[in-house]
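See structure below.
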Amino acid sequence: MRYQVIKNSLLALFGVLIIVPCSIVVMGAFKSDAKIISEPLALPDQLNFENFKRLFASGRVWIPAKNSLIVSISSVVITLFLASLAAFALSRLITVTGKVLFLLFSIGLAIPGQVNIIPIYLLFVKLHLTNSLLGLVLVNVALTLPISIFILTTFFRELPKEMFEVANIDGAGLWRNYRSIALPLAKPAVGATAIFLFVICWNDLLYPLMLITQLDKKTLPLAMIDFRGEYLIQYNMIFTAIVVASLPMIVMFLMFQRSFIAGLTQGAVKG
Amino acid sequence: MKINNKSHSKLSFRLGVVASVFAALLATSLAAVHAETTPVLGQRCENEGSNTGISSTSLICVKDKAGKLVWARVKVNSSGGQPQPAIRVSGGTIEFHHWRGEDQAYFDKIISQFQAANPGTTVKQVILDSTSYANLAYSKISTNPKAAIFATMRGAQFKQFYDGGLLRDLSSERFVTNNIVKSALTPGIVDGKIYGAPYQALFNNPLYNADMFAKKGWKVPTNFTQVLAFCKTAKAAGVIPFAWPAATRGNGGQIFNSFLMNSAPDIATLTKNIADLEAGTTDLTSTWFKGIATKYQQMGDAGCFPPNVSGYNDTVAPSDFALGKAAIYPCGTFCMAAVTKVNPDMAGKMKMMGLILTDDKPIYEGITNNTFILSVNAKASTKDQQVARAFMSYLLQPSVAQYYGVASSQHTSVVNADYSANVDLLNTSDIMGKKLLLAPRFLFLLPQAKVRDVVEDALIAAATGSNLTTMLADKSKIIKQNLGK
Amino acid sequence: MALPAFLIYGFLYLYPALSNLLYATRRWDGVNPPENIGFRNFTYMFTNDDVFLKSINNNLRFTLFVVFFQTAFSLMFATFLVKNTKTNIALRTIYFFPTILSSVSVGLIWISLYDSNYGFINALFKKVGLDFLALNWLGDEKYALLAVAISQVWFHTGQMVVIYVAGLQQIPQELYEAADVDGASRWQQFKSVTWPMALPTTAVVVAYTTIQTFRAFDLVYTMTNGGPQNASQILVTLIYTNAFAGFSFGYAAAQTVILVLMVLAITWLQRRTLRLDYGVK
């Protein structure tokens with residue numbers, strides 16, 4: 001009995017710890033600044049969209065949102081295409097080259113991507129890839145390839161070998177095997193990985209911070225950092241920006257809750 | 001402060017009315033700014049030498065024939081010649097990088113007028129808060145040729161951009177030489193050539209809540225002993241004496257100017273002390289610096305600063321000051337807009353004091369600064385440089401500068417701009433009658449992270465009660481280490 | 001088929017990572033020509049750079065704190081929530097929620113909560129009479145790192161709960177039943193069944209959390225940017241500052257090399273300890 005009481009209160013406490021800050025933010029987005037400080041937890045007097053209007057009027061929402069979307073989607077699609085190809089090849093080719101390649105990719109798992117900030121910066125300045133969405137996509141692809149290849153290789157290795165052997169007798173090449181057998185089977189794994197990658201790309205700050213200085217090319221997290229500087233004395237505007245920037249993720253989360261949790265968790269486990 | 005209350009309130013009432021009329025006019029059209037309305041002309045003023053602007057047709061407080069102090073239009077400064085009209089340009093898109101988030105709306109307005117006058121052109125503001133701008137603007141702009149026009153801070157940052165070859169030579173641009181007050185140009189000059197046009201003429205001195213001072217019967221402290229005594233009085237009355245935003249590097253360091261200004265016998269010695277600090281030939285344990293740190297500590301001990309001052313940022317400080325929780329906000333003219341934004345009732349209630357932190361006869365009584373140095377990016381494309389030039393010439397139009405100054409509560413260095421429509425600028429104009437020093441904090445010339453940041457960190461540590469001897473030795477070591485990297 | 005992936009990865013990951021080694025031997029401000037100074041950057045940072053040593057120390061303390069509490073909390077909540085009841089699934093979803101936010105959002109949320117004068121946390125402590133807990137969270141050298149670490153735990157515990165739940169659900173029910181027959185208390189059950197059986201999952205959680213703490217740049221940059229007085233400076237933020245505000249690119253590259261070595265050493269150590277442990281049971 002005592003165990004139940006302790007357990008339930010701990011669970012409730014942590015739930016409150018998550019919910020309260022989030023509600024302060026959501027409700028704060030509908031309040032004046034003074035109200036946020038004086039009564040953070042009170043419901044807003046009315047649904048006041050003033051802050052949202054101001055935010056959108058500032059012209060700082062659509063362009064960064066569009067950029068984030070372009071960068072995240074392209075990064076995910078390209079990464080998954082290249083990674084699934086490579087993973088399939090690596091899972092089939094049990095040769096020395098295959099093993100060496102796999103080992104090389106594994107290095108990328110052990111080393112956090114942050115270590116490349118200086119060389120990437122210097123390289124991109126030379127290649128004129130700063131202030132370019134393509135540059136961000138390339139960085140994202142390079143950074144997320146190892147983990148994606150790792151996850152997908154593990155998946156492909158678990159597929160029964162016989163399936164491909166039959167196909168081989170039929171004279172199907174590696175490419176057809178990949179296209180018509182492996183890829184359709186891998187749909188759930190690829191889907192979960194896609195979500196995992198999308199969240200990483202959507203939320204990344206470090207590389208955009210370093211590579212993007214031009215207004216038209218900024219991504220959402222970067223725009224929010226600017227926002228902190230511009231509205232430094234207005235928590236209500238900051239909260240509104242948080243709500244707007246998180247909304248797409250929240251909607252996706254509510255729609256694909258299961259794959260979301262699976263994707264983000266799998267990334268950790270396999271990594 | 002010998003003014004009788006009646007005439008003072010009448011004056012500020014009039015100014016209030018005029019200000020709102022002015023604002024309305026400005027809202028409809030910038031051209032209306034040319035109007036020759038000088039409502040205060042001939043009115044009484046308080047302190048001889050008070051000045052409503054630094055440009056050639058400023059209003060100055062002078063003695064009239066009868067010996068009464070009145071506002072008069074006096075030529076105080078001049079530029080290199082007849083002010084030039086704006087250059088025109090057809091088409092092109094550029095970015096304007098700066099750190100004044102507070103002024104975004106006013107620049108937007110100016111930009112839209114500029115774009116209307118030059119069809120096909122687009123100017124986009126890119127704003128970073130001043131702390132980040134000081135550190136990162138060079139990294140960001142040097143890789144971004146679209147940043148065709150940008151502002152730099154006087155001193156280290158301007159030098160860094162010059163060293164990086166990013167500044168276009170503006171020496172032959174008559175809209176610079178003729179539209180900017182001659183004396184204000186100095187910070188933008190290297191080896192006799194003009195590389196930047198300092199746009200803002202700022203006064204980096206503490207603001208005080210004159211209303212509160214009057215109600216409580218407090219006198220503005222005029223020496224160090226009085227400062228300490230004032231802190232005790234104010235604290236006892238439940239008011240934060242100095243709302244020092246120590247946690248925000250940019251504005252947290254403004255008060256450092258006041259500490260520096262009388263710390264050495266003359267400006268040459270002060271300049272040398274700072275240069276020695278950056279050369280590593282002296283350190284923070286020197287008598288000179290220890291003297292400064294000790295004063296921070298004494299003020300901390302006297303309760304001058306808010307509790308938890310090391311976490312007290314420039315979000316909270318203007319808000320506390322605006323809401324009457326703090327008596328003094330050590331910042332500058334450029335912080336007044338943030339205050340009235342929190343509480344519009346503060347308009348007309350702020351005044352400026354020279355913060356004198358010595359009991360000896362002060363050498364300087366206050367701080368001024370010519371900054372927000374506008375430059376054209378020499379690495380931008382030829383076409384973008386043309387757009388940048390045109391936009392700069394537009395910013396340097398007296399009517400535009402006047403609109404900007406009145407709207408954002410900051411003076412500019414542009415000639416023929418009159419700020420008397422802004423009640424806060426008028427109220428703080430006393431400072432211009434004092435002996436002012438160009439903000440010495442910008443005598444630090446190395447990238448800020450190497451020396452100045454550590455120095456200012458040390459002063460925060462001093463104010464929060466660290467053991468001075470060990471702390472200063474530790475910080476000196478870090479500076480030495482930074483210099484060797 | 002693996003070639004396109006390898007080309008991009010090689011050119012934009014391996015090659016830059018290796019070129020760190022070259023830059024590390026240079027003194028370079030990014031403008032003037034670089035100067036080859038051999039190993040001086042390395043000797044300098046270990047003999048002459050208090051801020052660097054402080055950052056290593058901060059980084060280790062940050063990692064230790066986050067790894068310990070994030071693992072402990074997530075294991076605890078996972079044992080509570082292991083059954084797939086409706087309430088449990090709902091709670092797991094709530095706990096998981098912060099994971100989908102960006103570090104910048106989380107950082108901004110916590111800045112407002114921690115605000116020493118107007119923040120919710122201090123207001124709450126003062127209201128319930130715990131004034132001594134109303135600290136200067138992000139402004140005081142003593143608490144800034146702790147404050148950021150708490151936000152990090154808040155941010156990612158839910159994700160680890162889900163991983164643990166998945167791991168705990170693999171434990172055969174018979175083991176618990178056998179323990180029940182033996183009359184084991186809940187604590188004994190946990191000690192003799194849950195903990196040893198969950199060790200592989202723990203290894204995953206610990207390893208992932210560790211890497212996460214070394215990657216905490218976004219959160220630290222948003223919340224404190226390393227301050228005050230370098231109290232929350234971790235290696236990645238220091239490297240960023242040295243390169244992009246201090247213009248010491250070579251020096252920052254040398255610090256990167258040390259960062260890599262540290263991460264590899266810690267990962268290796270963890271794998272060894274946890275695997276050994278696992279092997280004994």
Side-chain angles (χ1 to χ4, degrees), chain B residues 129 131-140 142-143 160-161 163-166 240 243 245-249 252 306-313 315-317 319-320 323 325-326 446-451 453-454 456-458 460-461 464 466 471 474-475 477-485, chain C residues 27-32 37 40-41 43-54 111-112 114-119 122 131 134-144 147 221-222 224-231 233 238 240-252 254-255:
Chain B
D129 64 279
T131 307
S132 311
Y133 198 88
N135 273 321
L136 301 172
Y138 182 77
S139 303
K140 295 194 177 287
S142 61
T143 54
Q160 193 177 25
F161 276 76
D163 291 343
L166 282 168
I240 297 168
T248 304
R249 250 188 226 293
N308 298 337
V309 67
S310 59
Y312 194 77
N313 58 32
T315 303
V316 185
S319 162
D320 274 351
L323 300 173
K325 293 181 192 164
L446 291 179
Q448 228 177 270
K450 283 192 191 272
V451 180
D453 284 356
V454 187
E456 292 181 355
D457 274 358
I460 296 170
T464 49
S466 304
M471 185 272 293
D474 285 352
K475 298 288 177 191
K477 203 170 145 205
I478 291 175
I479 290 179
K480 211 176 127 212
Q481 292 172 347
N482 283 350
L483 290 173
K485 269 179 203 165
Chain C
R27 183 176 179 150
W28 192 25
D29 62 2
V31 180
N32 299 304
I37 51 169
R40 185 177 173 280
N41 283 334
T43 51
Y44 196 88
M45 77 179 77
F46 282 106
T47 54
N48 251 321
D49 193 344
D50 294 6
V51 176
F52 173 67
L53 298 179
K54 185 172 189 171
I111 289 178
S112 81
Y114 277 133
D115 190 310
S116 65
N117 295 276
Y118 296 126
N122 282 1
D131 287 40
L135 300 168
N136 182 7
W137 292 102
L138 294 173
D140 192 315
E141 287 177 67
K142 288 198 287 290
Y143 312 119
Y221 182 83
T222 309
T224 62
N225 198 6
Q229 317 265 353
N230 293 309
Q233 197 75 265
L238 181 72
Y240 182 84
T241 306
N242 274 334
F244 299 101
F247 302 94
S248 308
F249 286 101
Y251 194 70
Q255 291 179 327

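Reminder, nothing fancy here: chain letters follow the sequence lines and each chain counts from 1.
At distances below 3.5 Å, not a single donor-acceptor pair connects side-chain atoms of Tyr312(B) with backbone N or O atoms of Gly139(C).
Rounding to the nearest 0.5 Å gives a distance of 8.0 Å between CG of Asp140(C) and OG1 of Thr464(B). In this structure, the separation between CG on Asp115(C) and CG on Asn308(B) is 10.0 Å, given to the nearest 0.5 Å. To the nearest 0.5 angstrom, Ile478(B) atom CD1 is 12.0 Å from Asn48(C) atom CG. How far OG of Ser132(B) is from OH of Tyr221(C): 5.0 Å, rounded to the nearest 0.5 Å. Atom CG of residue Asp163(B) and atom CG of residue Asp29(C) lie 9.0 Å apart, to the nearest 0.5 angstrom. Interatomic distance, CG of Asn135(B) versus OH of Tyr240(C), reported as 9.5 Å (0.5 Å rounding).
Among the candidates Lys140(B), Arg249(B), Gln160(B), Gln448(B), the residue making the largest number of heavy-atom pairs closer than 4.5 Å to chain C is Gln160(B). With respect to chain B, the highest number of heavy-atom pairs below 4.5 Å among Tyr44(C), Trp137(C), Tyr251(C) belongs to Tyr44(C).
Residues Ala245(C) and Pro447(B) share a closest heavy-atom pair of O-CB, 3.8 Å.
No more than 12 heavy atoms of other residues, nucleotides or ligands sit less than 6.0 Å from atom NZ of Lys477(B).
If you measure heavy-atom distances from Asn242(C) to chain B, the contacts under 4.5 Å come from the side chain alone. Heavy atoms of Lys475(B) lying under 4.5 Å from chain C belong exclusively to its side chain. Interface remark: Ala461(B) contributes backbone and side-chain atoms alike to the contact with chain C (heavy atom separation under 4.5 Å).
Evaluated for a side-chain contact (heavy atoms from CB on, under 4.5 Å) with Gln229(C), the options Ile460(B), Val454(B), Asp474(B) yield exactly one hit, Ile460(B).
Contact annotation: the side chain of Gln481(B) never approaches that of Phe52(C) to less than 4.5 Å [non-hydrogen atoms, C-beta and beyond].
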